[in-house]
Amino acid sequence: MSLRTRRCSRCFPLSRILPVEASDREATFFRVIDLLPELPIARLDLVQLFGRNAPLHVDLGCGDGSSLCEMAQQFPKTNFLGIERLTKRVEKVRRKAEKIENVRVLRADSLFAVRYLLPESSVETFFLLFPDPWPKRRHQLRRIFTRDFLDAIAVALGQHGVLRVATDQFDYFQQVERISRAHQQFQVVPLSPDDAVLPVTKFERKFRKQGVPIYRLTLRKTSPVR
């Protein structure tokens, strides 16, 4: 997949990995990069994308970009990349990040982006905040958090990099914890004061109003046991 760009002062990447509806083809995105379906796949050039070399934090399934943009404003020396599959959400992120220099958004499936588009050892922190829980038993195989997902995260994370997960579904949290503790390249670490500075997402705000418990897990990449 080659990276074709419509050059601009700052660009937001837009993936055309998934089938595109007619309305999508007709839409015009300001400062957007198209990733066109041509082989071989090219990994993102992060320095070119952000115009600088800085630590990278990635929000998987960034939704409307509220928490992504708040984090970027809190930490201006860090680059923030949001990955979101839905076009309308990507456009919302674009609008919110209009004047925030250290934010980019990629329209793509999260697992595809982690596995094929992010360079090896390029990410300092991943956020997986309230992923689709697929609560019905027959749908749970669609959940993103699997051994394969964690394998891909391990490759993209730099040494001692972190994955921070939050969900309102206790059974999903148990699944995340079980897979994480069985993975040789990760250790579960105690929640730190840094968790308190995370902006509240739209889903978390909704769950708090409903009195729904929030379950969190922080994983740190370690050297595999030999």
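The structure presented is a predicted model; accordingly, all values stated were derived computationally and were not measured.
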Nearest heavy-atom contact between I144 and S110 is CD1-CB, 3.8 Å

Separation of D171 CG from R143 CZ (nearest 0.5 Å):
4.5 Å

Would a hydrophobic clustering, with Ile, Leu, Val, Met, Phe, Trp and Tyr connected at side-chain separations under 4.5 Å, put L128 with V176?
yes

Closest contact, heavy atoms only, D59 versus S67:
OD2-OG, 3.7 Å

For F145, check ring pair (Phe, Tyr, Trp, His ring centres under 6.0 Å) against everything at least two apart and list the hits.
F149

Indicate yes or no: does E91 engage R94 in a salt bridge with an N to O separation below 4.0 Å.
yes

Flag the pair D148 / R115 as yes when at least one side-chain heavy-atom distance between them is below 4.5 Å, and no otherwise.
yes

Ignoring hydrogens and geometry, is there a side-chain-to-backbone donor-acceptor pair from E84 to L86 under 3.5 Å?
yes

Do S66 and D64 get their side chains close enough for a donor-acceptor pair, meaning under 3.5 Å?
yes

F80 reachable from F130 in the ILVMFWY side-chain graph, under 4.5 Å edges
yes

Using modelled atom types only, decide if a donor and an acceptor are shared between the side chain of N102 and the backbone of A72 within a distance under 3.5 Å.
yes

Apply ring pair (Phe, Tyr, Trp, His ring centres under 6.0 Å) to Y116 and list each qualifying residue two or more places apart in sequence or on a separate chain.
F112

Counting distance only, does the side-chain N/O of R52 pair as donor-acceptor with the main-chain N or O of L49 below 3.5 Å?
no

If every non-hydrogen atom of F173 is compared with every non-hydrogen atom of R216, which pair is closest and at what distance?
CE1-O, 3.3 Å

In terms of side-chain geometry, is the basic nitrogen of R85 or D132 positioned less than 4.0 Å from the acidic oxygen of its partner?
no

Interatomic distance, CD@Q187 vs OG1@T222, rounded to 0.5 Å, equals 5.5 Å

In Å, rounded to the nearest 0.5 Å, how long is the span from CD of Q169 to CD1 of I214?
10.0 Å

Check whether L163 and Y172 end up in the same hydrophobic cluster, where Ile, Leu, Val, Met, Phe, Trp and Tyr are linked by side-chain heavy atoms less than 4.5 Å apart.
yes

Measure across K221 and L157 and return the closest heavy-atom pair with its distance rounded to 0.1 Å.
NZ-O, 2.8 Å

Just how far is it from atom NZ of K92 to atom SG of C69, taken to the nearest 0.5 Å?
13.0 Å

Hydrophobic cluster membership, with links at side-chain heavy-atom distances under 4.5 Å among I/L/V/M/F/W/Y: are V155 and L56 in one?
no

Roughly how far apart are L46 CG and L81 CG, rounded to 0.5 Å?
7.5 Å

Rounding to 0.5 Å, atoms CD (Q185) and CD1 (I153) come to a distance of 12.0 Å

For E177 versus L217, what's the shortest heavy-atom pair and its separation?
CA-CD2, 3.9 Å

Which heavy atom of R164 sits nearest a heavy atom of L129, and at what distance?
O-CD2, 4.1 Å

Can you confirm whether D151 sits close enough to H183 that some side-chain heavy atom of one is under 4.5 Å from a side-chain heavy atom of the other?
yes

Taking a hydrophobic cluster as the set of Ile, Leu, Val, Met, Phe, Trp and Tyr residues connected by side-chain heavy atoms closer than 4.5 Å, whether directly or through intermediates, do L150 and V188 fall within one such cluster?
yes

